Amino acid sequence: MEQSTVPLNRATLLKRAFFNRDPRIVSKQLLGKILIRKQKSNILGGRIIEVEAYLGADDAAAHAAAGRTARNDVLFGPPGHAYVYFIYGVHYCLNISCLPEGDAGCVLIRALEPIAGIEGMAEARGLHVKHPDLSSPRILRAVASGPGKLCEALQITRTRDNSKDLLSPDSDLIVVDDGYRAKKVITTKRIGITKSAEMPLRYLIARNPFISGKQPAC
DNA sequence: ACTCCGATTGAA
DNA sequence: TCAATCGGAGTC
């Protein structure tokens, strides 16, 4: 039985309760949902195909581990909001806050499969200049196969998007469900961290070619 | 005020 | 393998 999906304009916003849960549960459920940026005359978006869960005080790798600060304040706020931070002086990363007000926890969006406004995203990434042929699988994969890349593709910055409600119809950055369901989810260790590096909190859709890094064994 | 360093990326 | 490049957090 083949699953059914609806067009983007009929996809539904996720509910607050969806994110009012443990980040590990949200991570797995979030795979297959769609992250959308609404531009003036353009829609940019991709299917979420790789994420990582970050917990609270018991997770040394989490920004919330050392307690509430001006920088990580969103993590302690209500669920379903964007936590955007700047890393290595170069890139932004997007997280979505989980758990009720007062409890920190989030999901890091690590990779998207481009599905809408691909030309616009490629342009934001600076790919169109050197690589005009967007139909090339290699170039298509370069659009959003990493946390920093997808932020650049959707023009996500801290000043523009941090603390934004991702579940509001008024928001220009939202998460929606078009009915797609991942057939198989793979869990691995998180990438690029030194503290709490052993916890299996990275989740990705099996065999999807748009993930960051190389394909793990099934 | 000063130092250290990171949930990344792309080029060498 | 490594530089780029910034700001948050801890130390002096």
Side-chain angles (χ1 to χ4, degrees), chain A residues 19 22-24 26-28 30-31 35 46 48-77 81-99 104-114 121-131 134 136-163 166 175 186-204 209-216:
Chain A
F19 290 98
D22 187 293
R24 289 163 287 204
V26 178
S27 289
K28 213 166 177 175
L30 197 55
L31 292 173
L35 179 64
I48 297 168
I49 50 105
E50 177 185 341
V51 300
E52 281 177 0
Y54 284 86
L55 315 179
D58 51 343
D59 180 4
H63 287 183
R68 194 169 188 162
T69 66
R71 178 206 192 194
N72 66 20
D73 193 60
V74 176
L75 296 176
F76 294 83
H81 290 252
Y83 168 53
V84 181
Y85 67 90
F86 191 48
I87 187 70
Y88 295 116
V90 183
H91 303 287
Y92 291 97
C93 290
L94 170 69
N95 300 257
I96 306 179
S97 63
C98 299
L99 298 170
C106 64
V107 175
L108 168 70
I109 312 300
R110 285 197 57 91
L112 304 177
E113 173 177 347
M121 293 192 287
E123 183 172 357
R125 290 272 294 120
L127 296 170
H128 64 306
V129 180
K130 293 175 71 174
H131 309 283
L134 299 182
S136 153
R138 189 177 119 259
I139 301 310
L140 197 56
R141 183 177 177 278
V143 170
S145 59
K149 297 179 190 177
L150 70 90
C151 281
E152 190 172 43
L154 296 184
Q155 297 164 48
I156 292 168
T157 65
R158 182 168 170 91
T159 49
R160 181 178 182 185
D161 300 303
N162 189 54
S163 83
L166 302 180
V175 186
I186 292 178
T187 306
T188 77
K189 291 188 292 188
R190 291 178 294 189
I191 288 180
I193 58 173
T194 51
K195 305 169 193 166
S196 301
E198 298 308 306
M199 302 175 80
L201 297 179
R202 174 173 175 247
Y203 307 83
L204 48 96
F210 295 94
I211 61 165
S212 69
K214 64 180 198 299
Q215 209 65 230

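As the structure is a prediction and not an experimental result, all values here were calculated from the model. In what follows, every chain begins at residue 1, and chains take the letters A, B, ... in the order their sequences are listed.
- The phosphate of C:dG8 has neither OP1 nor OP2 within less than 4.0 Å of any side-chain N or O from A:R68.
- Residue A:T69 is in sugar-phosphate contact alone, with no base atom involved, counting any heavy-atom pair closer than 4.0 Å across all strands shown.
- C:dA9 atom C1' lies 11 Å from atom CG of A:N72, rounded to whole Å.
- Counting non-hydrogen atoms under 4.0 angstrom, A:G148 reaches the backbone sugars and phosphates but no base.
- Rounded to whole angstrom, the span from the OH atom of A:Y85 across to the C1' atom of C:dC6 amounts to 14 Å.
- Not one N or O on the side chain of A:R190 forms a donor-acceptor pair closer than 3.5 Å with the backbone of A:R202.
- With distances taken from any side-chain atom of A:R71 to the nucleotides C:dA9, B:dA7, B:dG10, the minimum falls on C:dA9.
- Residue A:I156 contributes atom CD1, which lies 15 Å from atom C1' of B:dT8 at whole-angstrom precision.
- At the heavy-atom level, A:N95 lies under 4.0 Å from base atoms of the strands shown.
- For A:Y54, taking side-chain heavy atoms from C-beta onward, the closest of the listed nucleotides B:dT9, C:dT5, B:dA7 is B:dA7.
- Formation of a donor-acceptor pair under 3.5 Å by the A:E52 side chain with backbone atoms of A:I191 is found in this model.
- Of all nucleotides listed (B:dG10, C:dA9, B:dT9), B:dT9 comes nearest to the side chain of A:P147.
- B:dT8 atom P lies 10 Å from atom CD of A:E50, rounded to whole Å.
- When the nucleotides B:dT9, B:dG6, C:dC6 are ranked by their closest atom to the side chain of A:T194, B:dG6 comes out on top.
- What you find for A:V74 and A:A82 is that their closest heavy atoms are CG1-O, 3.5 Å.
- Under the 4.5 Å side-chain criterion, counting only non-hydrogen atoms from C-beta, A:Y85 is not in contact with A:N72.
- Under the Watson-Crick or G-U wobble criterion, with both distances below 3.5 Å, C:dA9 is paired with B:dT3.
- Comparing C:dG7 with B:dG10, their C1' atoms sit 22 Å apart, to the nearest whole Å.
- In this entry the distance linking NE2 of A:H63 with P of C:dG7 reads 15 Å, nearest Å.
- Look at CG on A:L127: it is 10 Å from P on B:dA11, rounded to the nearest Å.
- Distance check, rounded to the nearest 0.5 Å: CG of A:N162 to CZ of A:F86 gives 13.5 Å.
- Note: CZ (A:R158) to C1' (C:dT5) measures 17 Å, nearest angstrom.
- Using P as the reference atom, B:dC2 and C:dT5 are 22 Å apart when rounded to the nearest Å.
- Out of B:dG10, C:dC6, C:dG8, the shortest distance to the side chain of A:F86 is found at C:dC6.
- Atoms CZ (A:R138) and C1' (B:dG10) sit 12 Å apart, rounded to a whole Å.
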task: Kindly determine whether A:C106 and A:Y54 satisfy side-chain contact (heavy atoms from CB on, under 4.5 Å), including the steps that lead there.
output: CA-CA 5 Å; A:C106 64; A:Y54 284 86; 3.8 Å; yes
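- Within 4.0 Å of A:R110, counting heavy atoms only, lie sugar-phosphate atoms of the nucleic acid but no base atom.
- For A:K195, no side-chain nitrogen or oxygen approaches OP1 or OP2 of B:dG6 to under 4.0 Å.
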